[in-house]
Structures are given as C-alpha cells and as structure tokens.
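Notes follow once the structure below has been shown.
The structure displayed is predicted, hence computed values, not measured ones. Values reported hereafter were calculated over all heavy atoms of this structure, with side chains retained and with hydrogens, waters and symmetry mates removed.
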Protein chains: 2
Amino acid sequence: MSTRSFSRGAAAPTLKDLARLAGVSPITASRALHRPELVAESTRLRVQSAAEQSGYVPNSLAGGLTSRQTRLVAAIVPTIGHSLFSDMVGALITALAEARYETTLGISSYDVEHEETWLAAMLSRRPDGVVLTGTEHTMRTRRLLLSADIPVVELWDYIPHPMDAAVGFSQEEAGRAAFHHLRACGYKRPAILRADDSRAQRRAQGFLRAAAELQAPEPVQVVFPEQRPQLGRGREALTALRAKCDHADAVFCSSDALAQGVLAHAHALGLNVPQQLGVMGFGDQALAVDCVPALSTVRIDGANIGRLGAQDLIARMRGGQPEPARDVGFAVIARASTALKS
Amino acid sequence: MSTRSFSRGAAAPTLKDLARLAGVSPITASRALHRPELVAESTRLRVQSAAEQSGYVPNSLAGGLTSRQTRLVAAIVPTIGHSLFSDMVGALITALAEARYETTLGISSYDVEHEETWLAAMLSRRPDGVVLTGTEHTMRTRRLLLSADIPVVELWDYIPHPMDAAVGFSQEEAGRAAFHHLRACGYKRPAILRADDSRAQRRAQGFLRAAAELQAPEPVQVVFPEQRPQLGRGREALTALRAKCDHADAVFCSSDALAQGVLAHAHALGLNVPQQLGVMGFGDQALAVDCVPALSTVRIDGANIGRLGAQDLIARMRGGQPEPARDVGFAVIARASTALKS
DNA sequence: CTGTTAGCGCTTTCAC
DNA sequence: GTGAAAGCGCTAACAG
C-alpha cells in the first residue's frame with residue numbers, strides 16, 4: 001500500500017495539452033495563466049477551468065529558461081539555531097514570499113568556504129537575487145557574484161561600501177556602546193565572555209577600543225569555541241573568567257543565552273546581580289532584561305534586518321536603485337527598575 | 001560606483017561555448033563535467049580548464065528540464081523561531097546538502113492554507129522531494145502531492161500510516177507521559193499551560209486522557225494565542241492559571257521557554273519550585289532542566305528528526321523503500337538532584 | 001486579442 | 001570514447 005513507486009505514470013499535462021483542451025494556442029494559454037490582462041475574459045475562464053480539470057502544474061524550469069527569470073532567491077546564514085538569525089531569515093523569507101519570490105536557504109556554519117561551495121551550486125539555478133550574511137567572503141565568492149550580475153544584499157553587518165547593498169549594524173559600535181554603558185553604570189573592570197565567531201570578535205574589538213580610548217584597564221577576554229548559544233555554558237564561562245582574573249566586576253556576553261546562563265550561575269554562587277556583578281547580554285531575547293534582573297543588553301532587531309533586506313533586494317530585482325547601505329543600528333537597553341552598582 | 005546595473009553584459013558562456021573552447025562537442029563537455037568516468041582523462045582536463053578560464057556556470061534549469069531531476073527539495077515548517085523546528089530544519093538542510101540536494105524553505109505560520117499555496121508554487125519547480133511538518137494538510141495539498149508523484153516525508157508527528165513516509169513522535173503519548181510523570185512525583189492537580197497550536201493541543205489531549213484513565217480530576221487548561229515561545233508569557237500564564245483555579249500544584253507547559261518564564265515568575269512570587277509548584281517543560285532546551293531547578297521536561301531531539309527525515313527522503317529519491325513511518329520517541333527527563341514534592 | 005516561429009541550454013537516445 | 005539529432009516545456013518577438 002504505502003509502497004509508492006514514483007513511476008511518473010500518466011505523463012503530467014503540459015501547456016500544450018492545456019491549450020488543446022481549452023481550444024487555444026499554447027501561448028494564449030500561457031498568457032491566460034500569467035498575464036490575464038492580455039487575454040479576453042472568456043478565454044481566461046476557459047483556460048482556467050481546463051487547468052483545474054487537467055490538474056495542470058506549470059513547469060517553471062522551462063519558463064525560467066526562456067524568460068530568464070526564476071523568482072528564486074538564494075540566501076545563506078551561518079546558522080538558524082540562533083534566534084537572531086532565525087528571526088532574520090524568517091522575516092526575509094516571509095517578505096520575499098509576499099512578493100512572490102521563493103527562497104533557497106543555505107547554512108554556512110560560519111565558514112566562508114562552505115558559503116562559496118553553496119553559492120557555486122546555487123548560481124546554476126539562476127536565482128534572481130542573492131542574500132549573504134556578513135561581509136566576509138572568499139575571493140571566488142565575490143568573483144562569482146560579480147559575473148553572475150544579479151542583485152546581492154549582505155545582511156547583519158553595516159559597512160559603508162558593500163558589494164552591492166547591505167543592511168545591518170556596526171559590530172564595533174555595538175561593542176563600544178556596551179563598554180560605555182557598563183562604565184556609566186559604575187563598573188570598573190568589565191570583562192568579555194564570548195563565542196569564537198568573527199562578529200563577536202569584532203564587538204570585542206570595539207569593546208577593547210572603547211576601554212583604550214577611556215584609558216581604562218584592558219578588559220579580560222574569555223573565548224570559547226562553541227558557536228551555538230548555550231545557557232549551559234554559563235557556569236563554565238564564569239568559572240573560566242574567575243580563573244583568569246578575579247577582579248572583573250561585570251561581563252559583556254556575546255549572546256543573551258550566555259548572559260542568562262551566567263546570571264543563573266551567579267545566583268547559584270550567591271553573587272548579587274547587578275550589585276556584585278554586572279551582566280550584559282547581546283541579542284533579541286526579552287528574557288535577560290525583562291524577566292530576570294540582568295543588568296542590560298545590546299538589543300538587535302533581527303526581523304527588521306531581514307525585512308529591510310528583502311525590501312532592498314526586491315527593489316533591485318525590479319531594477320530599482322535603493323540605498324546601497326543601511327545602518328539599522330542597535331539599542332542599549334537597561335532595565336529601569338534595576339539598581340545599578342554605584 | 002555601486003550603481004550596478006545588472007545589464008547581462010557579455011552573455012554568460014554556455015555549454016556550447018565551452019565545448020568549442022575545448023574542441024569537443026557539447027555532449028562531451030557535459031559528460032566531462034557531470035559523468036567524468038565516461039570520458040577520456042585528457043578530454044576531461046581540457047574541458048575542466050576551459051570551464052575555469054571561461055567562468056562557465058552550468059544552467060540547471062536547462063539540465064533539469066531534460067533530465068527530469070532538479071536535486072531540489074522543498075521543505076516547509078510552521079516557524080523557524082522555535083529551536084525545535086530550527087534544529088530540525090538545520091539538520092535537514094545540512095544532511096540534504098551532504099547528498100548534494102538543495103532545500104527551498106517555506107514557512108507556514110501554522111497555517112495549512114499557506115502550506116497549500118506554497119506547495120502549489122513549489123511544485124512548478126519540480127522538486128525531487130517534499131518535506132512537510134506534521135500530518136494535517138488540506139485535501140488539495142494531498143491531491144497535488146499525489147499527482148506530483150514524488151517522495152514525501154512528514155516530520156515531527158508519528159502516525160502509523162503517513163501519506164508516504166513519516167518521522168516523528170506521538171504528541172498524545174508525550175502528553176500522557178507528562179501526566180504520568182507529574183503524578184508519579186506526587187502532584188495531585190497538574191494543569192496545562194499551552195499555546196494554541198494543534199500539536200500542543202494534541203499533547204494536552206494525551207494529558208487529559210491519562211488523567212481520565214487514572215480517574216484523576218480533569219486538569220485545568222490555560223490556552224493563549226501566541227505561538228512564538230515567549231519567556232515573557234510566564235507571568236501572564238501563571239496569573240491566568242491562578243485566576244482560573246487556585247488548587248493546581250503543577251503545570252505542564254507547551255514549551256521550555258514558557259516553563260522557564262513560569263519558573264522565573266514563580267520565583268518572583270516566592271513560590272517554591274518544585275515543592276509548592278511543579279513545572280514541566282517540553283522541548284530541547286537544556287535550560288529548564290540543567291540550569292535552573294525546574295522539575296522536569298519532555299525532551300525532543302529535533303535535529304535527529306531532521307537527520308532521519310533527510311535520510312528517508314534521500315533513500316526514496318534514489319528509488320529505495322525505507323520504512324514508511326518511524327517513531328523516534330521522546331524522553332521524560334527529571335533532574336536527579338531536584339527534590340520532588342512528596 | 002490571438003497565433004506563428006523560433007529558441008532558451010541542456011541531456012537523452014541512438015549511432016559510430 | 002565521442003558525436004548528431006531531437007526535444008524537454010515554455011515564452012519572447014513579432015505579425016496579424
């Protein structure tokens with residue numbers, strides 16, 4: 001019974017069959033389906049019902065081959081296991097779908113070589129547009145994209161001169177803002193707890209730079225390999241930090257999940273947050289700030305980036321010229337009711 | 001400068017150009033690229049270098065049109081904003097990519113009509129396989145799939161007789177297990193706190209059925225519309241529950257995030273967990289169980305479902321006959337160090 | 001408003 | 001090991 005065989009039984013009806021059924025020429029059938037305004041109402045109806053009767057499913061491979069338009073967008077992200085990216089991708093896919101574009105999704109696992117391999121494969125499907133995450137790519141990736149001659153949007157990072165268009169925020173500035181915030185709250189020795197990915201690294205650079213500019217002591221940095229946001233890392237991270245230095249009075253975490261984990265472990269240690277330890281997150285999770293007495297967070301709106309990115313890409317795919325780079329910024333959020341260390 | 005025009009400048013080289021460059025016929029060039037074993041080593045090399053020089057990018061629209069194979073898989077999930085699904089999709093995409101299939105992702109927002117619309121559009125791309133989430137679909141979805149005559153895998157839910165193949169677990173059983181667990185821990189009046197989606201509803205049914213079977217009082221149920229897992233809902237949910245009934249001594253939450261939120265709010269209320277209130281989650285997040293003294297959780301391995309689903313689909317796309325339905329089950333996890341209500 | 005012709009770029013099938 | 005012919009299913013470009 002459930003041993004289906006996929007035999008391609010009776011050949012699926014083609015446009016020709018449909019046209020015959022409706023008593024028109026193939027091209028008229030095509031127009032009735034895709035450009036109804038070019039066809040008499042009565043014809044349209046006949047074709048339509050013929051399509052329904054015969055169960056006609058258009059073949060967009062053939063269509064795309066002739067029209068040089070696929071309504072396909074190729075998008076790649078490092079992971080969808082992080083809510084920042086999954087929000088972004090979700091919004092992107094949804095916005096593109098509303099404009100009748102479908103999205104093929106690639107996952108790079110933070111690896112530009114994977115990205116390159118994926119892109120090379122994808123380009124053979126002749127997508128109408130490409131979405132990349134970040135602005136670090138291999139030379140071949142750039143070359144391929146350049147000669148493919150299609151719109152490209154780079155999401156997540158803001159840089160003034162992207163390949164084509166970009167929507168995001170400056171990682172460096174986010175890091176600087178975090179440092180300034182912690183200092184303003186009265187913490188003297190903020191440290192960094194972060195995952196080993198290039199964007200977290202750039203935020204850390206901003207953080208360090210801010211410290212240097214203020215002639216503050218250089219913040220200690222604890223880096224661990226796992227990319228996936230792990231609440232469970234909280235204990236580990238905090239332990240590693242204390243092993244490395246015992247005078248840190250605040251931590252800037254590379255994700256909200258990590259911040260949450262740190263918070264939980266701080267509680268377990270009997271450490272008072274935010275009085276004895278400041279905890280700062282990064283991301284879009286309400287939790288650290290709204291539910292639990294974390295100190296503060298750098299808030300990013302991933303969905304907004306995805307939406308704007310889709311918008312820019314669509315405009316370009318239609319031949320428009322939207323702004324090549326948008327800085328959507330970030331927000332430093334502190335919970336009003338939280339007593340800061342004074 | 002960055003006013004790119006997408007002019008399709010010099011026409012991209014086709015297989016014909018490539019063949020001329022290498023001094024062979026188009027078909028030989030094609031074979032050299034895709035079926036090297038059919039071609040002399042020297043020819044292969046010449047074609048290869050011609051490809052590199054000319055920057056040849058194959059056109060798989062044309063290829064797919066003739067070969068009736070696209071190496072494209074169409075997959076749809078309700079959302080990727082929930083780690084259960086994003087893990088599943090991530091594993092699916094990765095496993096398919098390893099077998100050289102690309103994935104186009106749809107997002108249904110828990111709506112079978114969206115799913116239908118998406119599927120109808122996708123089928124015109126002639127995917128080699130389709131992945132759906134769950135087993136509830138419209139009639140037209142089923143009809144389309146049936147006449148498309150391609151392998152289909154339904155993920156997430158286990159049912160004995162799927163459309164084609166299915167990998168998942170029984171929502172009902174998960175709910176029953178949750179109830180039994182809470183009872184075994186000594187809770188007398190467990191309640192349900194859940195989002196309004198059909199799977200959470202089925203788990204609730206299992207929960208209620210278990211209660212009925214044990215002749216326990218019927219558990220109170222609080223349902224709220226938001227689908228996205230929200231820690232912030234914890235307060236709301238707990239308040240609603242207390243308004244509805246004040247004797248519940250445990251809650252089965254429809255997601256780990258919700259459980260976490262409830263936990264946080266319970267702490268805020270000075271409620272002792274698990275002594276005064278049992279909290280049970282559902283999902284894959286370590287947090288509720290490992291970081292915080294939540295009572296327990298029903299643990300699902302989303303990535304595993306994605307991986308197995310990919311495996312089954314690949315086997316079927318290659319013409320094989322894997323098991324039509326796999327129950328991957330779930331695990332009830334209780335934290336050993338947690339004192340249970342006695 | 002409708003039809004004819006031609007061809008998109010590739011691979012299948014058969015022949016050598 | 002290589003090639004010639006044919007055609008996948010559709011739409012662009014023109015003509016009526």
- Length of the line joining B:I27:CD1 and D:dA6:P, which is rounded to integer Å: 15 Å
- Query: Does a side-chain N-to-carboxylate-O contact under 4.0 Å join B:D164 and B:R316?
  - Reply: yes
- Taking B:E102 for its side chain and A:T104 for its backbone only, find out whether a donor-acceptor pair lies under 3.5 Å. no
- Message: Quick check on DNA chain D: between A:L15 and B:A40, whose nearest nucleotide comes earlier from the 5' end?
- Response: B:A40
- Does A:T66 put a side-chain nitrogen or oxygen below 4.0 Å from OP1 or OP2 of D:dT11? no
- Establish, with yes or no, whether the OP1 or OP2 oxygen of C:dT2 is under 4.0 angstrom from a side-chain nitrogen or oxygen of A:T43. yes
- Within the pair B:Y56 and C:dC10, is there a side-chain N or O less than 4.0 Å away from OP1 or OP2? yes
- Query: For D:dC10, does OP1 or OP2 lie under 4.0 Å from any side-chain N or O of A:S30?
  - Reply: no
- Note on the structure: Assign each of A:S67 and A:A62 the nucleotide of DNA chain D bearing its closest heavy atom; nearer the 5' end lies the nucleotide of A:A62
- Round to a whole Å and report the spacing from CG of A:L65 to C1' of D:dA12. 12 Å
- In terms of the angle between their ring planes, are B:F85 and B:W156 parallel, tilted or perpendicular, with boundaries placed at 30° and 60°? tilted
- Query: Does A:R35 reach the main-chain N or O of A:A32 with its side chain, forming a donor-acceptor pair under 3.5 Å?
  - Reply: no
- Message: Tell me whether the side-chain N/O atoms of A:R68 come closer than 4.0 Å to OP1 or OP2 in C:dG9.
- Response: yes
- Between CG of B:L61 and P of D:dG7 the distance, given in whole Å, is 22 Å
